[in-house]
J.: 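Have a look at this one.
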Amino acid sequence: EVQLVESGGGLVQTGGSLRLSCAVSGFNFNDYTIGWFRQAPGKEREGVTCISSSDRRRYYADSVEGRSTISSDNAKNRVYLEMNNLKPEDTAVYYCAAHYSPGSSWSSLDPRMYNVWGQGTQVTVSS
């Protein structure tokens, strides 16, 4: 069964940090570009960052550039999103998603390009 499971969300104060984890199972981790997305109440889902399948290139949305790091652990089939200097506007449900792209440096922050999704984890940043 293809599955993505996010964890690590929670309540944090402004300026704090969190590390989200995305556990991947049911498919070959190295054949997929993995992205992190978020959706705040009343807003559309937006891309945060992604890491490509072949060369693990990383791309970030302007809103999190310099404050966030995406990384992967191939041995554990996990992708992480570390976020620092969190702001109230970072409050959202965070999702990881996968796009099949074997041997490719394909990447996108458009959530419509991804077809495998986790259930999400809530991140709340208090002011």
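These numbers come from a predicted model, not from an experiment.
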J.: Run the numbers on T91 and E89 for side-chain hydrogen bond (donor to acceptor under 3.5 Å, both in side chains), then give the verdict.
T.: CA-CA 5 Å; T91 295; E89 51 264 42; over 6 Å; no
J.: Can the ring centres of Y100 and F27 be said to be less than 6.0 Å apart?
T.: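 That pair fails the under 6.0 Å test.
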J.: Any chance you could measure S71, atom OG, to I51, atom CD1, to the nearest 0.5 Å?
T.: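 The distance works out to 7.0 Å.
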J.: Got a sec, which hydrophobics cluster with L11, joining ILVMFWY side chains under 4.5 Å apart, including via others?
T.: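 Its cluster partners, ordered by chain and number, are none at all.
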J.: To check you understand the geometry: which heavy-atom pair defines the closest contact between S104 and S54, and what is its length?
T.: O-OG, 2.8 Å
J.: Test the R45-W117 pair against the cation-pi criterion, namely NZ or CZ under 6.0 angstrom from the six-membered ring centroid and within 45° of the ring axis.
T.: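 Positive - R45 is close enough to the ring of W117 and near enough to its axis.
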J.: Using salt bridge (Lys or Arg N to Asp or Glu O under 4.0 Å) as the criterion, list what pairs up with D73, not counting sequence neighbours.
T.: none
J.: Would you please name every residue forming a disulfide (SG to SG under 2.5 Å) with C22, sequence neighbours left out?
T.: C96
J.: Please check if the side chain of E46 supplies one atom and the backbone of F37 the other of a donor-acceptor pair under 3.5 Å.
T.: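 It does not hold such a pair.
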J.: So, does H99 use its side chain to make a donor-acceptor pair with the main chain of Y114 at under 3.5 Å?
T.: no
J.: Can you list the residues that meet the ring pair (Phe, Tyr, Trp, His ring centres under 6.0 Å) rule with Y95, with sequence neighbours excluded?
T.: none
J.: Going through the distances and angles, do M83 and V64 end up as a side-chain contact (heavy atoms from CB on, under 4.5 Å)?
T.: CA-CA 8 Å; M83 300 186 68; V64 301; 4.2 Å; yes
J.: Grab the two heavy atoms, one from L109 and one from A61, that are nearest each other, plus how far apart they are.
T.: CD1-N, 3.7 Å
J.: Does anything in residues 34-77 pair up under disulfide bond (SG atoms under 2.5 Å apart), and if so which pairs, sequence neighbours excluded?
T.: none
J.: Looking only at heavy atoms, what is the nearest atom pair of K43 and Q39, with distance?
T.: O-NE2, 3.1 Å
J.: If you look only at pairs with a residue in residues 11-20, which of them pass as a side chain to side chain donor-acceptor pair (under 3.5 Å), with sequence neighbours excluded?
T.: S17-N84
J.: Restricting to ring pair (Phe, Tyr, Trp, His ring centres under 6.0 Å), what partner residues turn up for Y94, sequence neighbours left out?
T.: none
J.: Please report the shortest heavy-atom distance between T121 and E6, naming the atom on each side.
T.: CG2-CB, 3.9 Å
J.: Which hydrophobic side chains are connected to V5, either touching it within the sub-4.5 Å cutoff or through other members that do?
T.: none
J.: Got a second to check how far Y59's OH is from S107's OG, nearest 0.5 Å?
T.: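 Reported value, rounded in 0.5 Å steps: 4.0 Å.
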J.: Donor-acceptor pair, R67 side chain versus S63 backbone, under 3.5 Å?
T.: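 Confirmed, R67 side chain pairs with S63 backbone.
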J.: Using atom types as modelled and distance alone, determine if a side-chain donor or acceptor of T33 lies under 3.5 Å from a backbone N or O of W106.
T.: yes
J.: For the residue pair W36 and V79, establish whether any side-chain heavy-atom pair is separated by less than 4.5 Å.
T.: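 Side-chain contact under 4.5 Å: yes.
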J.: Linking I/L/V/M/F/W/Y whenever their side-chain heavy atoms sit closer than 4.5 Å, directly or via other members, would L4 and V93 fall into one cluster?
T.: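 In one cluster: no.
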J.: Please identify each residue that fulfils side chain to side chain contact (heavy atoms under 4.5 Å, CB included) with N74, with sequence neighbours left out.
T.: F29, N30, R56, S72
J.: Sort and list the pairs that fulfil disulfide bond (SG atoms under 2.5 Å apart) and have at least one residue in residues 98-127, not counting sequence neighbours.
T.: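 Qualifying pairs, neighbours excluded: none.
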J.: As a quick check of understanding, evaluate side-chain contact (heavy atoms from CB on, under 4.5 Å) for L18 and V123, giving each step before the final call.
T.: CA-CA 9 Å; L18 277 178; V123 172; 3.6 Å; yes
J.: Step by step, work out the side-chain contact (heavy atoms from CB on, under 4.5 Å) result for L81 and T49.
T.: CA-CA 8 Å; L81 171 62; T49 181; 3.7 Å; yes
J.: Hydrophobic cluster membership, with links at side-chain heavy-atom distances under 4.5 Å among I/L/V/M/F/W/Y: are V48 and Y60 in one?
T.: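 Result: yes, single cluster for both.
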J.: The test is side-chain hydrogen bond (donor to acceptor under 3.5 Å, both in side chains); show your working for R78 and S21 and say whether it passes.
T.: CA-CA 7 Å; R78 285 181 180 264; S21 175; 2.7 Å; yes
J.: Look only at the side chain of D31 and the backbone of N28, and say whether a donor-acceptor pair between them is shorter than 3.5 Å.
T.: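 Judged by distance alone, no pair lies under 3.5 Å.
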J.: Rest of the hydrophobic cluster containing Y80 (Ile/Leu/Val/Met/Phe/Trp/Tyr, side-chain heavy atoms under 4.5 Å)?
T.: none
J.: Is there any salt bridge (Lys or Arg N to Asp or Glu O under 4.0 Å) pair reaching into residues 92-115, and which pairs are they, with sequence neighbours excluded?
T.: D110-R112
